[in-house]
Amino acid sequence: MTSTLPSRLDQLPQPLPPQPLTPPPLKPQPLTPRDVSELNRQFAGQTSSRILAWAWERFGRRAAIGTSYQGAGLVMMHLAKSAGLAFPVFTLDTGLLFPETLELKRRLEDFFGLTIEAMEPDLTVPEQAEIHGPELWRRDPDLCCTVRKVMPLRAKLEELSCWLTGLRREQSESRAEIEIFELYHLDEQTGREIVKLNPMAHWSREEIWAHIKKHKIPYNPLHDQGYRSIGCMPCTRKTAESKDERAGRWIGFNKVECGIHTFLPKKVDFQI
Ligand code: SF4
């Protein structure tokens, strides 16, 4: 993996002749599953920066980076910032994050010079306890994740055309087959769709951390204490170096994903 950034100038269209000027379309044509397959072929082996540049040229600020501040998300924010791609950035604040994670948000906002929008659940933690009983994560973590992560994410995705994630294939078995371009039904009744873009899919853990250290990007100090993947306090544990990166999440439950990457139905082309 090279972290060399391609020149944005190479990728920009040539200036238009002075007259007549046509404004760019406010909303690009929706992608079809066949378009997505073609894009996956076209961008296989391309740098993450090239993929991000494509997203910016197609969607502009209707594409946003969603991050929980794992390493790949930090690198993606850095690649976007370095290339002048002003994607909005959002996070899911469940109300149960580590103090170190909340502090990291402030450090990243300073470092990148942007505001990270925090999407919060409708229910506070005490309100959730009143309705569903205390410490729901101990009894029904799927319901807890739905209330505190999936529903706020769905509300955010309603505003967007493209969701940029830091998912990597190497992270876990459940992520081994992710593609760079994916298309999902956001609302099957209205036909509303969302493009999910995983520009970091091919990065290894070593490449991510080499990039973070080289560019002195702020990261969660809990990583230095043995936490490999960091989520909510009640559901995150330290893990041995040899284990699956996400092995420290939801220990004791048959659960490997919080649901934000699995709740939407994928749109497929039945003609392929
Ligand atoms: Fe609840 Fe745990 Fe999911 Fe956080 S990770 S929303 S505490 S179940």
Side-chain angles (χ1 to χ4, degrees), residues 64-74 89-106 108 116-160 163-168 170-175 178 184 186 194 196 198 200 205 219-240 243-265:
I65 294 174
T67 182
S68 57
Y69 319 119
Q70 314 297 331
L74 308 184
V89 181
F90 69 93
T91 193
L92 302 174
D93 185 345
T94 61
L96 291 159
L97 300 177
F98 287 92
E100 289 87 344
T101 305
L102 299 174
E103 176 58 21
L104 176 61
K105 175 178 186 285
R106 288 185 282 275
L108 289 167
I116 299 173
E117 183 183 10
M119 306 303 299
E120 294 176 358
D122 285 344
L123 299 178
T124 63
V125 175
E127 285 168 347
Q128 176 173 294
E130 218 166 277
I131 294 170
H132 298 291
E135 300 189 331
L136 181 59
W137 49 87
R138 285 182 186 272
R139 293 172 287 108
D140 191 344
D142 285 342
L143 177 58
C144 187
C145 280
T146 298
V147 172
R148 314 209 72 73
K149 292 185 173 184
V150 174
M151 290 166 69
L153 174 67
R154 175 182 274 285
K156 181 62 192 174
L157 295 184
E158 291 287 348
E159 300 170 11
L160 302 175
W163 170 27
L164 298 161
T165 86
L167 294 188
R168 292 185 295 113
E170 214 190 53
Q171 277 175 302
S172 64
E173 264 181 44
S174 60
R175 298 184 176 182
I178 58 168
Y184 288 88
L186 191 53
I194 186 90
K196 184 175 172 186
N198 306 311
M200 311 301 292
R205 182 176 174 84
Y219 64 89
N220 199 322
L222 295 174
H223 286 300
D224 294 332
Q225 298 172 29
Y227 292 88
R228 303 191 77 193
S229 172
I230 299 165
C232 295
M233 284 186 289
C235 303
T236 304
R237 295 288 178 271
K238 297 179 186 182
T239 49
K243 286 197 175 172
D244 178 319
E245 282 184 40
R246 292 175 58 78
R249 309 285 289 274
W250 304 287
I251 285 178
F253 288 93
N254 182 21
K255 179 173 170 71
V256 292
E257 293 284 348
C258 62
I260 64 170
H261 294 295
T262 52
F263 81 104
L264 292 174

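Order of listing sets the numbers, starting from 1, for every ligand and every atom in it. Note that the structure is predicted; figures quoted are calculated from it, not measured.
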What is the ring orientation for Y227 with F98, classed by angle as parallel under 30°, tilted 30 to 60°, or perpendicular over 60°?
perpendicular
Does a donor on one side chain and an acceptor on the other come within less than 3.5 Å for R148 and Q128?
yes
Minimum-distance pair of heavy atoms, taken over all atoms of A118 and K105
CB-CE, 4.1 Å
For L97 and M233, which heavy atoms make the closest approach, and how far apart are they?
O-CE, 3.4 Å
Those atoms of ligand 1 less than 4.0 Å from some heavy atom in [X]:
X	result
C235	2 (Fe), 5 (S), 7 (S), 8 (S)
C145	3 (Fe), 5 (S), 6 (S), 8 (S)
R148	6 (S)
L96	7 (S)

Is it the case that the side chain of K149 and the backbone of L92 share a donor-acceptor pair, with hydrogens and angles ignored and the cut-off at 3.5 Å?
no
Residue-level breakdown please: for C144 versus ligand 1, do any non-hydrogen atoms fall below 4.0 Å on the side chain, on the backbone, on both, or on neither?
both
